[in-house]
Amino acid sequence: MEDSIGARINEVLRRKGISVPDFAKAISCTRSNVYKIIGKNDINLDLLRRISIVLEYNFFKDLANNPDLAKVCNEKEDADTQFLKVIQGVLHKLKIDGCISFGYGLPVGEDVPLPDYTLSPYFITFTKGETFEERAKGKLDNVMIFQKHIKDDMLVTECINSPHGTQSLDIRIDYKTEEEWEKIVAYAFQLAREVYLKPTKDLILKCK
C-alpha cells in the first residue's frame with residue numbers, strides 16, 4: 001500500500017465495498033473529486049472528518065500513528081481564494097449580469113446558517129467547503145427541503161424554504177479550474193430555468 005492518506009482512504013473504501021459514486025454522494029462530492037482525494041497526500045481536516053464518519057473508520061488515528069501520511073492543507077481558504085479570483089471572469093464569459101455578495105445580507109441571528117456568497121439577483125449561492133445542506137443540518141430541518149441535482153460529476157443543491165415557498169440553488173466551493181466553474185455555473189442556470197418558481201424564475205429568464 002502506498003504511504004499516503006489518499007491511498008489509505010482508497011484501501012478502506014475498497015475493503016468496505018463502497019462504490020465511488022455512492023461514496024461521492026455520501027460526502028456531497030463529485031466522482032472526479034473523489035479520485036483527486038485518493039490520489040493526493042494532503043487533505044483538509046474537515047473533509048477527513050466527514051470521510052471518517054461515512055466510512056466508519058478513524059483516519060485521525062492513522063495520522064497520529066504516522067504523521068507522514070498526509071500534509072494538512074487549508075482547502076477552504078485556498079478554494080475560496082481561487083473562486084473569488086475566477087468567478088467574475090466566468091460570469092462575463094457566460095454573459096451573466098450579476099455580482100457576488102457575501103451571504104444573503106439579511107439581519108439574521110448568528111445561530112442561523114447561511115451560504116457564504118450569493119450571486120445576485122439570481123438566487124444562486126456558494127458555500128465554502130461543504131454544501132448548504134450540510135451546514136444547515138440540525139438547524140433548519142423544519143424549514144428547508146434539499147434536493148441534489150448531479151450531472152457529469154457536477155453537484156448543485158436545490159434549497160426550498162418550505163414556509164415561504166422560495167427556492168435557491170447552492171454550489172459547494174471546492175477547488176475547481178476556471179473551466180469547471182464555468183460549466184457548473186452554466187449548469188446551475190440551466191437548472192434554475194427548470195426548477196425555479198415565479199417570481200424567481202422571471203429573473204433567471206432574463207439571463208441569456
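We use all heavy atoms of the structure for the numbers below, so side chains are in, but hydrogens, waters and symmetry mates are not. All of these numbers come straight from a predicted model, not from anything done at the bench.
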Non-neighbouring partners of Tyr187 that pass side chain to side chain donor-acceptor pair (under 3.5 Å), sequence neighbours left out:
none

Assign the ring pair Phe146 / Phe132 to parallel, tilted or perpendicular, where the plane angle (0 to 90°) is split at 30° and 60°.
perpendicular

To the closest 0.5 Å, what do you measure between CD1 (Ile5) and CD1 (Ile37)?
11.0 Å

Evaluate whether atom CG of Asn142 has more than 12 neighbouring non-hydrogen atoms of other residues, nucleotides or ligands under 6.0 angstrom away.
no

Test: salt bridge (Lys or Arg N to Asp or Glu O under 4.0 Å). Region: residues 48-65. Which pairs qualify, not counting sequence neighbours?
Arg8-Asp62, Asp46-Arg49, Asp46-Arg50, Arg50-Glu134

At their closest point, which heavy atom of Leu191 faces which heavy atom of His149, and how far apart are they?
CD1-CB, 3.5 Å

Pair Ile173, Gln82 - check side chain to side chain contact (heavy atoms under 4.5 Å, CB included), show working.
CA-CA 9 Å; Ile173 295 178; Gln82 190 264 354; over 6 Å; no

Distance, nearest 0.5 Å, that separates CD of Glu182 from CG of Leu91:
10.0 Å

Under 4.5 Å between any side-chain heavy atoms of Met144 and Ile160, yes or no?
no

Of all residues at least two apart in sequence or in a different chain, which pass the side chain to side chain contact (heavy atoms under 4.5 Å, CB included) check with Ser120?
Cys99, Ser101, Thr118

May I ask you to decide if Thr166's main-chain N or O and Asn161's side chain share a donor-acceptor pair within less than 3.5 Å?
no

I'd like to know if Leu84 and Ile171 are part of one continuous hydrophobic network [Ile/Leu/Val/Met/Phe/Trp/Tyr, side-chain heavy atoms within less than 4.5 Å].
yes

For Thr127, what residues pass the side chain to side chain donor-acceptor pair (under 3.5 Å) criterion, not counting sequence neighbours?
Asp170

If you group Ile, Leu, Val, Met, Phe, Trp and Tyr whenever their side-chain heavy atoms sit less than 4.5 Å apart, what else falls in with Leu155?
Ile150

CZ of Arg135 to CD of Glu130, rounded to nearest 0.5 Å, is 4.5 Å

All pairs passing ring-ring contact (aromatic ring centres under 6.0 Å, His included) where residues 10-61 contributes a residue, at least two apart:
Tyr57-Phe59

Considering non-hydrogen atoms only, spot the tightest contact between Gly98 and Leu119 and give its length.
C-CD1, 4.0 Å

Flag the pair Tyr175 / Asp80 as yes when at least one side-chain heavy-atom distance between them is below 4.5 Å, and no otherwise.
no

Run the side chain to side chain contact (heavy atoms under 4.5 Å, CB included) check on Val185 and Leu94 step by step: do they pass?
CA-CA 9 Å; Val185 170; Leu94 294 175; 3.7 Å; yes

Evaluation steps, salt bridge (charged side-chain N to carboxylate O under 4.0 Å, His left out), between Asp174 and Lys176
CA-CA 6 Å; Asp174 52 17; Lys176 300 176 179 68; 2.5 Å; yes

Applying side chain to side chain contact (heavy atoms under 4.5 Å, CB included) to Phe126 and Arg172, what does each step give before you reach the verdict?
CA-CA 6 Å; Phe126 304 85; Arg172 178 179 184 264; over 6 Å; no

Measuring only between side-chain heavy atoms, which start at C-beta, is Leu169 closer than 4.5 Å to Cys159?
no

Side chain to side chain donor-acceptor pair (under 3.5 Å) partners of Lys148, counting only residues at least two apart:
Glu133

Within the supplied structure, the quantity of interest is the number of heavy atoms (other residues, nucleotides, ligands) at a distance under 6.0 Å from Arg15 CZ; does it exceed 12?
yes

Do the rings of Tyr117 and Phe83 sit parallel, tilted or perpendicular, given the 30° and 60° boundaries?
tilted

Does Glu180 have any salt bridge (Lys or Arg N to Asp or Glu O under 4.0 Å) partners at least two apart in sequence or in another chain, and if so, which?
Lys36

Residues two or more places apart in sequence or in another chain: which of them pass side chain to side chain contact (heavy atoms under 4.5 Å, CB included) with Lys183?
Met154, Glu179

Value rounded to 0.5 Å, distance of CD1 in Ile96 from CZ in Phe189:
3.5 Å

Could you tell me which residues satisfy salt bridge (Lys or Arg N to Asp or Glu O under 4.0 Å) with Lys16, sequence neighbours excluded, listed by chain and number?
none

Out of curiosity, Ile100 CD1 to Gln88 CD, how far, rounded to the nearest 0.5 Å?
6.0 Å

Can you run down the salt bridge (Lys or Arg N to Asp or Glu O under 4.0 Å) pairs that involve residues 149-158, sequence neighbours left out, and say none if there aren't any?
Arg31-Asp153

Run the numbers on Leu114 and Thr125 for side chain to side chain contact (heavy atoms under 4.5 Å, CB included), then give the verdict.
CA-CA 9 Å; Leu114 291 174; Thr125 65; over 6 Å; no

Heavy atoms only: give me the nearest Asp141-Gly138 pair and the separation to one decimal.
OD1-N, 3.0 Å

Would you compute the distance between atom CD1 of Ile184 and atom CD1 of Ile124 and round it to the nearest 0.5 angstrom?
10.5 Å

How would you list, by chain and number, every residue that makes a side chain to side chain donor-acceptor pair (under 3.5 Å) with Asp22, sequence neighbours excluded?
Ser19

